[in-house]
Structures are given as structure tokens and as C-alpha cells.
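Read the structure below first, then the notes.
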Amino acid sequence: LVDSAHSAGLKVIHTEQLAVHWDLTPEEHEALETVWDDTEWTSALFAEWIEYVVPRAKMAERHGVEMFLPYLFSDVGTFSAEGYVEEWRAIISEIREVYSGEIAMNVINADERLLPLVDDLDAVLITVFPGLYTSALEDQYNPTVEEIAEITTGFFNAPREFIGGKVPVY
């Protein structure tokens, strides 16, 4: 895929994601929230993340990928930069040892918690993630015109409402 994209004159960005909070029951989500402040648990999680992500950065290097994001959804718990700056710097440092392209992180919904890592990065990806709206469809394979209009309106209004009127920091 990467080689084909390069042959077509495209550049490639490789992103990694770990969304431990997705698809959890309310009870599981509550239990997960209690461990974010457990330093033994977070240290183990970051150590595992290095073991997971560094081989992928090596793969990206072998294929000439232009940009690597070691974590896409950095707005969640342990993976927010705030409070874990040194852990993220260790991950970025490990990646730089095997990958020569640009390294970026994602800022979601104008979240400024990533700012302490700006000097460690080559780029920042800004994502507005207002939520998924298709859950409001009665039949997602056969939506009505009214449902599509409502989703479209929600899609454009929700980012403003979701981030309290803030716009991405440019």
C-alpha cells in the first residue's frame, strides 16, 4: 500500500491508536478510570506501548513513510500529554532511534494538553471529533432525508458545542 501510494506521488502518514476506553460497559469504564493514577499501572502501560509502537516505526522507516503518529487519540486518560510528558518523551526518543521521518501527535477538540510536547514533535495534527451521529438513524442503510439533514446540522454544530465554543489553536 505504501509503495503504491508513493508510486502515485502521494505522501503517507502512519498513525497508531489504542482506545482502551472504547466498547467498555459503564462498570468497566469506571474500573479503568480508577487505574489512571496508579503509577505502577501507567508505567507498565507506557512500557508496553513502546514495545508495540517502536517496531511499527521501524516498518514505517523501511517503507519511507513521511510522518508517524505514535498515538492518534491522545485525549484519553493516561495518553493525554499533561502529567505524562516524560513518558511521551521516552516514546518519541525511542521512535527517533529507528525512524527518520517526521513525528506528530494529535490534538483533539482544541485541547492544549499536548503543548508541553511541541518542542519534541515535528508536526501537530488537529482533529475535531464531535461524535458519531449515525446512531440516531433508525435504519443506517436506508436513512430518510430528514435524518440526513439532522445529522448534517448536528455534525457542523456539535464541534462548537462539544468544545465550548473554542476553535482549534492555530
Side-chain angles (χ1 to χ4, degrees), residues 1-24 28-132 158-159 162-170:
L1 179 62
V2 173
D3 295 337
S4 295
H6 284 152
S7 293
L10 301 173
K11 293 182 179 180
V12 177
I13 300 171
H14 177 121
T15 63
E16 286 295 337
Q17 170 185 326
L18 174 67
V20 295
H21 64 290
W22 286 8
D23 297 327
L24 296 180
E28 291 168 330
H29 188 49
E30 188 175 315
L32 181 62
E33 287 299 313
T34 65
V35 297
W36 290 129
D37 294 325
D38 180 337
T39 56
E40 185 177 333
W41 185 84
T42 54
S43 293
L45 189 57
F46 274 103
E48 287 183 32
W49 193 249
I50 286 174
E51 287 182 28
Y52 173 83
V53 79
V54 170
R56 283 148 179 80
K58 285 181 185 178
M59 181 179 59
E61 178 69 19
R62 280 194 311 272
H63 290 277
V65 170
E66 287 80 8
M67 185 177 289
F68 188 84
L69 277 78
Y71 189 68
L72 183 59
F73 293 115
S74 56
D75 65 326
V76 178
T78 301
F79 286 95
S80 62
E82 185 179 334
Y84 300 98
V85 173
E86 294 311 313
E87 289 87 344
W88 276 116
R89 284 188 174 138
I91 290 173
I92 292 166
S93 176
E94 292 276 339
I95 290 169
R96 288 206 188 278
E97 288 189 25
V98 300
Y99 177 73
S100 62
E102 293 185 325
I103 298 175
M105 291 288 279
N106 192 32
V107 178
I108 296 181
N109 300 330
D111 190 334
E112 298 169 351
R113 293 178 292 175
L114 196 62
L115 290 177
L117 291 173
V118 166
D119 291 337
D120 300 281
L121 300 170
D122 301 304
V124 173
L125 173 68
I126 299 172
T127 301
V128 176
F129 189 66
L132 302 174
F162 188 74
I163 60 177
K166 293 191 282 184
V167 296
V169 178
Y170 287 90

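- Atom CG of Leu45 and atom CG of Asp38 lie 11.0 Å apart (nearest 0.5 Å).
- Contact of the Glu86 side chain with the Arg89 side chain is registered, since non-hydrogen atoms from C-beta on lie closer than 4.5 Å.
- Dense packing is recorded around CG of Leu10, with more than 12 heavy atoms of other residues, nucleotides or ligands lying under 6.0 Å away.
- Interatomic distance, Leu125 CG to Thr15 OG1, rounded to the nearest 0.5 Å: 8.5 Å.
- For Arg96 and Asp120, the salt-bridge test fails: no basic side-chain N is under 4.0 Å from an acidic carboxylate O.
- With a 4.5 Å cut-off on side-chain heavy atoms, Met59 and His14 count as touching.
- The six-membered or imidazole ring of Trp49 lies away from that of Phe46, with a centre-to-centre distance of 6.0 Å or more.
- Across all their heavy atoms, Val12 and Val65 have their closest contact at O-CG1, 3.3 Å.
- Heavy atoms of other residues, nucleotides or ligands lying less than 6.0 angstrom from CD1 of Ile92 number more than 12.
- Between Ile95 atom CD1 and Glu16 atom CD the span is 9.0 Å, to the nearest 0.5 Å.
- A donor-acceptor pair under 3.5 Å is formed between the side chain of Tyr99 and the backbone N or O of Met67.
- Side-chain atoms of Thr42 come within 3.5 Å of backbone N or O of Thr39 as a donor-acceptor pair.
- Salt bridge status for Glu61 with Lys58: absent, with no side-chain N to carboxylate O gap under 4.0 Å.
- For the residue pair Ala104 and Pro70, the shortest heavy atom distance occurs at O-CD, 3.2 Å.
- Checked by atom type, the side-chain pair Glu66/His6 shows a donor-acceptor distance below 3.5 Å.
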